[in-house]
Amino acid sequence: MKFLVFCLLPIVLFADAKVNAEFYGFITLLPPFIAIILAFITKDVILSLFMGVLSGTFLLSLASNIFFVDTIALINIYDTLVESFSKIIGYVLKSTSDPVNAGIILQILCIGGLVALITKMGGAKAIALKFAKRAKTAVSAQLNTWFIGLLIFFDDYANLLIVGPIMRPLADKFKISREKFAFIIDSTAAPVAGIAIISTWIGLEVSLIKNAYASIGIDNISAFGIFVETIPYRFYNIFMLFFVVLTAIMGREFGSMYAAQIRAKTTGQIAPVSKSAALDTAELEDQFLAPKEGIEIRAFDAIVPVMTLIILAIVGFYFNGFSVLEGEELANARANPLSFETLRSAFGSADSSIVLFQAALFAAIVAIFIGVRRRIFNIKEAIETWIYGWKTMIFTIVLLLLAWSLSSIVKDLGTSTFITHLLADKLPEFILPATIFAFASLISFAIGTSYGTMGVLMPLAVPLAFEIAKLNGLEGEALHHYMVLNISCVLTGAIFGNHCSPISDNVILSSMSAKCDHMEHVRTQIPYALFICAISLFTGYIPVALGLSVWLVLPLNFILITLLLRIIGKKV
């Protein structure tokens, strides 16, 4: 089956992302665009991601199935479709076999099993009751959830998988909608881990800064020092954390979140009606994992396994990262094993997926020991409960595999490269930071990953900022400040998509952890994310680039956010 093609696509096989970006142009935006648009239209994120993946593999397969008859290009559609489906399998297998992704899958499954065990023992319910005694209102319930999210600063995945199951019963008690609850835990995951000076993110962020400076011939810089200097300029992270507290204290919401909160308060319907059959089993899961009658529930039964997970994770990050240090870093670490610099280097070098998997596995063993010792269940029942917890994670795993596959496909298509090439090489000095932030936000939303966005933009943003600064005569401290500002825009803009894109793994995990319909979580969170994104762009990066002190910009924007929420927000 052959079809005539009229100047649709270039007639060569492209293997390089830069070449694909140059020749395919705006068509490289098609796969993420299809996935995102279909997700909003169909409310079925699995189908949407699959169609996005299929459209991407179709484009990648197209070039190898085009041939010329004289000067006319023909496409073998049948072979293209067959190859497209084959490529889907290849990308899914590649995503699964990647050591980091495999570790993430195992850690999610193990933490799911751990959550099932502590739920079956009644530990999660007991903790919720403890907090309920302290939390007298919905406001304090939201603030407690926010505060616990800050405490688990070292990893965004661990944050989402721990905070959600523990605090969800308390949120339900005070009729906080699942959409709002998902927003709170999502907003204290990546935005916190992204600016924490000791976390699983720090290694990538620091290495990207160091390599980007090396590309412009500057080696004698402290990449970690520059990272620390970017923290006050990480406007999206800081403003979002402030905004979560503000909505809780003021009791005001807007957009679809307001409707969700009103529904929960007036009708008692905490969770939205699920649009996905995979999430309709929540009620059944709750019944299966309900503690046995006559069992004394104790917060201790949840605190010990969870603290085991957290402590082992922190210790594991240290030793795992320490074991891979080399050269000068290793020498300094051996000389000062507990110095802040050593802790930063170790945490930044650690393989978080392996460490969290090991910590979750050991924590599950501790939970089983406690449950058997207290005769809540026997060994057989404990293993069944643990495996049942794995089963509840299958929907999340499928989403992640498709999201990872789509991310790999758009990388091979050159989607990110095409978007970054739209950056003009002769921008006004004060516009560049805002432009970089806007493009980082757009790219991260399109591909659903902060790491990928940082990796693509940092090597481009630093040389571009350096050249523009030199052209405008910036030197010394002024040049350094300008570079820090633009680096901040890359790191912060990358958080935006991770925080609200329907194909982001963090957003998927937030929905799962909060037991909220995924697309309802996305639909209610996007207005808030765009609100903070706009403020960060127009009243954050532009004024700072024009010379206004960041220590004046921060409090002024806190006041602005408060006033705007007072004006556009409605009292729940």
Side-chain angles (χ1 to χ4, degrees), residues 17-18 20-42 45-60 91 95 186 190-191 194 208 236 399-423 434-461 489-511 518-519 521-523 525-527 529-530 532-534 536-537:
K18 291 183 178 179
N20 281 332
E22 181 180 349
F23 282 91
Y24 283 81
F26 71 93
I27 297 177
T28 63
L29 298 172
L30 197 60
F33 180 80
I34 287 175
I36 291 169
I37 295 301
L38 279 181
F40 283 106
I41 294 174
T42 66
V45 69
I46 293 286
L47 173 63
S48 304
L49 282 171
F50 178 79
M51 293 306 297
V53 169
L54 179 60
S55 64
T57 56
F58 182 84
L59 288 176
L60 289 170
Y91 274 104
S95 298
D186 203 350
L208 287 174
Y236 183 83
L399 288 179
L400 287 176
L401 287 174
L402 289 174
W404 287 331
S405 299
L406 182 59
S407 179
S408 297
I409 287 169
V410 298
K411 179 180 179 181
D412 290 344
L413 277 173
T415 305
S416 302
T417 305
F418 168 71
I419 295 176
T420 55
H421 282 173
L422 295 179
L423 281 168
T435 305
I436 290 177
F437 174 75
F439 271 86
S441 299
L442 178 61
I443 292 171
S444 60
F445 186 84
I447 68 177
T449 166
S450 293
Y451 283 15
T453 303
M454 294 175 190
V456 167
L457 263 187
M458 191 67 77
L460 299 172
C489 294
V490 174
L491 299 177
T492 308
I495 296 290
F496 171 80
N498 190 280
H499 187 229
C500 67
S501 173
I503 60 176
S504 162
D505 48 6
N506 273 35
V507 177
I508 292 168
L509 287 176
S510 301
S511 305
H518 179 62
M519 288 313 302
H521 170 42
V522 173
R523 186 176 66 86
Q525 182 160 281
I526 278 184
L530 289 174
I532 297 300
C533 183
S536 302
L537 180 65

Expected list for residues 49-60: side-chain donor-acceptor pairs under 3.5 angstrom, two or more places apart:
| unit_1 | atom_1 | unit_2 | atom_2 | d |
| --- | --- | --- | --- | --- |
| S55 | OG | M51 | O | 3.3 |
| S55 | OG | G52 | O | 2.8 |
| T57 | OG1 | V53 | O | 3.3 |
| T57 | OG1 | L54 | O | 3.0 |
| T57 | OG1 | S84 | O | 3.2 |

Do you know which two heavy atoms are closest between [X] and [Y], and how far apart they sit?
X	Y	value
A434	L537	O-CD1, 3.2 Å
A494	A440	N-CB, 3.9 Å
I508	P502	CG1-O, 4.1 Å
S511	H518	OG-ND1, 2.9 Å

Taking the six-membered ring for Trp, are Y236 and F437 parallel (under 30°), tilted (30 to 60°) or perpendicular (over 60°)?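 The rings of Y236 and F437 sit tilted, inter-plane angle from 30° to 60°.
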Drop me the distance from [X]'s [atom1] to [Y]'s [atom2], to the nearest 0.5 angstrom.
X	Y	atom1	atom2	value
F496	C533	CZ	SG	4.5 Å
I436	M458	CD1	CE	9.5 Å
R523	C500	CZ	SG	14.5 Å
L402	L406	CG	CG	8.5 Å

Do the non-hydrogen side-chain atoms of [X] and [Y] ever get within less than 4.5 Å of each other?
X	Y	answer
N498	S444	no
D186	H499	yes
L413	P31	yes

Could you tell me which residues satisfy side-chain contact (heavy atoms from CB on, under 4.5 Å) with S501, sequence neighbours excluded, listed by chain and number?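 Per chain and number, S501 pairs via side-chain contact (heavy atoms from CB on, under 4.5 Å) with F445, I503, S504.
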